[in-house]
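Single-structure report; data block below.
The shown structure was predicted, so the numbers you read here are calculated from the model rather than taken from an experiment. Atoms considered below: every heavy atom in the structure, side chains included; atoms not considered: hydrogens, waters and symmetry mates. All chains are named by letter (A, B, ...) in the order of the sequence lines, taking the proteins before the strands, and each is independently numbered beginning at 1.
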There are 2 protein chains.
Amino acid sequence: MKLDLNIKKPTTRNAKNTFAEIERGAIKLFYERGYHNTTVANITAEAGVAAGTFYLYFPSKIVLYQHILGVFSYNIRKYIAERVSEKNTRYEKEREGIRSFFEYMIENPEMYNIIWEALYIDYNLFRQYYQTFADRYVVGLEEAKKNDEIRDLDSEVIAYILMGITNFVGLKILFDLGNNNIDIEKIIDVIMEFLEKGLFKENAH
Amino acid sequence: MKLDLNIKKPTTRNAKNTFAEIERGAIKLFYERGYHNTTVANITAEAGVAAGTFYLYFPSKIVLYQHILGVFSYNIRKYIAERVSEKNTRYEKEREGIRSFFEYMIENPEMYNIIWEALYIDYNLFRQYYQTFADRYVVGLEEAKKNDEIRDLDSEVIAYILMGITNFVGLKILFDLGNNNIDIEKIIDVIMEFLEKGLFKENAH
DNA sequence: TCAATAAATGAACAATCATTCATCTTATGA
DNA sequence: TCATAAGATGAATGATTGTTCATTTATTGA
C-alpha cells in the first residue's frame with residue numbers, strides 16, 4: 001500500500017542534513033503560507049541550499065508534499081497508539097487518545113494545516129488518511145462493544161463522530177492558542193462528560 | 001461587520017446574467033479543481049465571456065472567492081435557521097439542524113470544499129466563519145440549559161463538539177455519495193442516540 | 001433619434017515559478 | 001593517492017497566468 005514516491009535518500013552525513021533541512025523548511029513554509037504560496041525557491045532558501053539541490057532528492061514539489069503528509073500521518077498515529085495502549089478500559093483509552101491528539105497538535109500545529117490541505121492537493125490521499133484513521137478506530141470500538149463497555153451503535157459512524165469532536169475542538173484550541181488561559185484538561189473533562197452521559201437530560205423529550 | 005469587497009453590481013438584465021454566469025462557473029471550478037488550479041481564464045471560458053469581462057465586476061480573483069464564501073456562509077445559515085425555528089424542543093431542533101445541514105451539503109457539495117479552502121486563502125475569514133457559527137450555536141444551547149433540556153456543560157465547547165460531529169459525519173457522507181446505499185436517516189438516528197445517552201454504558205468505569 | 005453610459009472583447013504585458021543542466025566541489029574506498 | 005561517484009550550485013528556460021487597456025458593441029433615457 002505504501003506508494004513509491006521516487007524520493008532519493010541521501011547517503012553521506014552532510015547530505016542527510018541537507019535532506020532534513022529541506023523537509024524542515026518545507027514544513028515551516030507550508031504551514032505559514034500554504035502549499036501554493038510556497039515556492040521551491042522559498043524552500044531551498046529556508047533550507048540554506050541552492051534551488052537545484054531540491055531536485056537531487058525530490059522529483060517534484062508535489063512529491064515533497066506527499067512525503068511530508070506521510071510522515072505526519074505515521075507520526076501522529078504512532079504517538080497516539082503508544083499512549084492509548086498503556087490504558088486498559090475503553091474509557092481510559094478514549095480519554096488518553098483525545099489528550100494525546102491535543103498534545104501532538106499543540107506541539108506540531110503545522111500538522112493540522114498540512115493534512116487538511118490535502119483536500120486541495122491530493123484528494124485520494126486526504127480521503128485515505130481519514131478512512132485509515134477511522135478503520136483503526138473501528139477495531140478498538142468493536143472490541144469495546146464485545147466487552148460491553150460501550151453502546152451498540154454503528155462503529156464507523158461513531159469513529160467519524162469521535163474524529164469530528166477531536167478535530168473541531170482541536171481547531172478551537174488552535175484558534176485560542178495565543179491566549180494563555182486555555183485549560184486543556186478542563187476541555188477534555190467536558191468532552192468526557194459528554195461521552196459518558198450524552199447531551200440531553202432524561203426528560204428532554 | 002460586512003466587509004466591502006469592491007464588487008461592481010451589474011444593472012442591465014444581460015449584465016446580471018453575465019455576473020451570475022461568472023459566479024456559477026467559479027463555484028463549479030473551485031469545487032472541481034480548487035482555487036489555485038482554477039485560472040481567471042478558466043472561469044470566463046466556463047461562463048462564456050471574454051477574460052477582460054471578469055474585471056468589470058470583480059477587482060481580483062481573491063475577491064471573487066471571498067464573495068462566494070460569503071454567499072455560501074449566508075445561505076447555509078439561513079437554510080438551517082429556517083428549519084430549526086419550526087421545531088420546539090432542543091432535541092427536535094438539534095435533529096432538524098443536523099438533518100438540514102446534511103441536506104444542504106448533499107445538494108451543494110461545492111460548499112464544503114470552498115469553505116474549508118478558506119484556511120489556505122484567507123485564514124481570518126475561515127476563523128470568522130466557524131466562530132460565528134459557534135456563537136449562534138451557543139445562544140441556542142444557553143436557552144436549552146435554562147429550560148433544563150440539556151446538561152450544564154461549557155456551551156462553547158459543546159458548540160464545537162456538535163459542529164465537529166456534523167462536519168465529519170458529513171465528510172463521510174460525501175466520501176460515500178457514489179454508493180447508492182447510504183441511509184441518511186439511519187445515520188442521524190445513530191448521532192441522536194449518541195447525543196441522548198452518550199457513548200459509554202453505565203458500568204464502563 | 002442620438003448622445004451618453006454600460007458592457008464586452010481579446011490581444012498584449014509583466015511577473016512568477018517549477019524544472020533543467022552544465023559545471024564545480026566534496027567524499028569514498030581500494 | 002587517485003579515480004569514481006555523490007553532492008551541490010545557480011543561471012537559464014519555458015510555460016503559465018493575473019491583470020490591463022485600447023477598442024468595439026449594446027443599452028438607455030430624453
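- Using a 4.0 Å heavy-atom cutoff across all strands shown, A:Y57 reaches sugar-phosphate atoms only and no base atom.
- Annotation: cation-pi geometry not satisfied between A:K78 and A:Y104 (NZ/CZ under 6.0 angstrom from ring centroid, within 45° of ring axis).
- Cation-pi geometry between B:R77 and B:Y74 is not met at under 6.0 angstrom from the ring centre and within 45 degrees of the axis.
- Atom CG in A:N37 sits roughly 13 Å away from atom P in D:dG18 (whole-Å rounding).
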Using the side chain to side chain contact (heavy atoms under 4.5 Å, CB included) rule, take A:Y130 and A:I115 through it: C-alpha gap first, then chi angles, then the decisive distance, then the call. CA-CA 10 Å; A:Y130 281 109; A:I115 290 174; 4.0 Å; yes

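- Ionic pairing of A:E143 and A:R90 is not present here: no N-O contact between side-chain nitrogen and carboxylate oxygen is shorter than 4.0 angstrom.
- Summarising the local packing, NZ of A:K197 is surrounded by 12 or fewer heavy atoms from other residues, nucleotides or ligands at distances under 6.0 Å.
- Relative ring orientation between B:F168 and B:W116 is described as tilted, the plane-to-plane angle lying within the 30° to 60° band.
- Distance, A:L56 CG to D:dT9 C1': 9 Å, rounded to whole Å.
- Ranked by how close their nearest DNA chain D nucleotide is to the 5' end, B:A41 and A:G52 are led by A:G52.
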All N/O pairs under 3.5 Å across the protein-nucleotides 24-30 of chain D interface:
unit_1: D:dT27; atom_1: OP1; unit_2: B:N14; atom_2: ND2; d: 2.9

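- When heavy atoms are screened at a 4.0 angstrom cut-off, A:T38 is found touching the sugar-phosphate backbone but no base atom.
- Between A:E96 and A:K93 there is no salt bridge, since none of the side-chain N atoms of the basic residue sits less than 4.0 Å from a carboxylate O of the acidic one.
- Atom CZ of B:R33 and atom P of D:dT16 are 13 Å apart (whole Å).
- Nucleic acid contact for B:K8: sugar-phosphate only, since backbone atoms but no base atoms lie under 4.0 Å from a heavy atom of the residue.
- At whole-Å resolution of the value, CG in B:L64 and P in D:dG18 are 11 Å apart.
- More than 12 heavy-atom neighbours from other residues, nucleotides or ligands sit within 6.0 angstrom of CZ on A:R24.
- Across the protein-nucleic acid pair, A:Y55 atom OH and D:dG10 atom P stand 16 Å apart, rounded to whole Å.
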Show, in sequence, the C-alpha distance, side-chain angles and deciding distance for A:M192 and B:F200, and conclude whether the side chain to side chain contact (heavy atoms under 4.5 Å, CB included) test is met. CA-CA 10 Å; A:M192 292 314 292; B:F200 296 105; 4.2 Å; yes

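- Between chain B and DNA chain C, the heavy-atom contact criterion of under 4.0 Å yields a 5' to 3' nucleotide range of C:dA6 to C:dG10.
- Within the nucleic acid shown, A:T39 comes within 4.0 Å of sugar-phosphate atoms alone, with no base atom in reach, counting heavy atoms only.
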